[in-house]
Amino acid sequence: NTGFFGYIDLSAKVQNIGITNGSVQSTFGNVGGLVGANEGTIKNSNYSGSVQTGMSEVGGLVGSNDGTILKSFAIANVISTSINGSAANA
C-alpha cells in the first residue's frame, strides 16, 4: 500500500487535502497518489502528478478503493505494466 497515506481504515476520514506535482513510485500493488488502499472516507481532496508501479491496483487518487470518495479528483499520469485505474481503481 503506497501513497501519501498507505492505508485508510474503516474509521478514518481524509479531507481537505491537495497534493500538487506529486510523484509516487512502487514495485508493489495498491498504489495511489493520495491513498494506496482506502476502506474509509476521502472527501474534498485532490492529487496531481504521476503514479507508477509494475503491479496491479493503481490509480491517480486511490490504488484500491473499498471505501467512500466524495468531491475528490485526480489529474495524474498513471503508469503500470499490469492493471490501470483512473481516479480510483476499485
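All figures in this text were calculated on a predicted structure; none of them were measured in a lab.
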Inspect the surroundings of CZ in Phe4 and state if more than 12 heavy atoms from other residues, nucleotides or ligands are less than 6.0 Å away.
no
Taking the side chain as everything from C-beta on, heavy atoms only, tell me whether Asn38 gets closer than 4.5 Å to Ser64.
no
By the definition side chain to side chain contact (heavy atoms under 4.5 Å, CB included), identify the one residue from Val35, Val24, Ile75, Val62 that meets it with Tyr47.
Val24
Is there a donor-acceptor pair under 3.5 Å between the side chain of Ser80 and the backbone N or O of Met55?
yes
Would you say Val14 and Tyr7 are hydrophobically clustered, going by side-chain heavy atoms of ILVMFWY under 4.5 Å?
no
What one should report as the nearest heavy-atom pair of Val78 and Gly59 is CG2-C, 4.1 Å
Separation between CG (Asn77) and CD (Gln52), nearest 0.5 Å, reads 8.5 Å
Residues two or more places apart in sequence or in another chain: which of them pass side chain to side chain donor-acceptor pair (under 3.5 Å) with Asn21?
none
Which pair of non-hydrogen atoms, one from Ala37 and one from Asn1, has the smallest distance, and what is that distance?
CB-OD1, 3.6 Å
Mind checking the CD-OG spacing from Gln15 to Ser72? Nearest 0.5 Å is all I need.
9.5 Å
Atom CD1 of Ile19 and atom OG of Ser45: how far apart are they, to the nearest 0.5 Å?
8.5 Å
Separation of Asn16 CG from Asn44 CG (nearest 0.5 Å):
5.0 Å
Please list, chain by chain and in numerical order, all residues satisfying side chain to side chain contact (heavy atoms under 4.5 Å, CB included) with Asn46, sequence neighbours excluded.
Phe73
Can you tell me how far CD1 of Ile8 sits from CG of Asn65, rounded to the nearest 0.5 angstrom?
11.0 Å
Tell me if a side-chain donor or acceptor on Ser26 pairs with a main-chain N or O of Val31 at a distance below 3.5 Å.
no
What is the minimum heavy-atom distance between Phe28 and Thr53, and which atoms define it?
O-OG1, 2.7 Å
Heavy-atom pair with the smallest gap, counting every atom of Gly60 and Ala74
C-CB, 3.6 Å
The reported gap from CG in Leu70 to CD1 in Ile42 (rounded to nearest 0.5 angstrom) is 9.5 Å
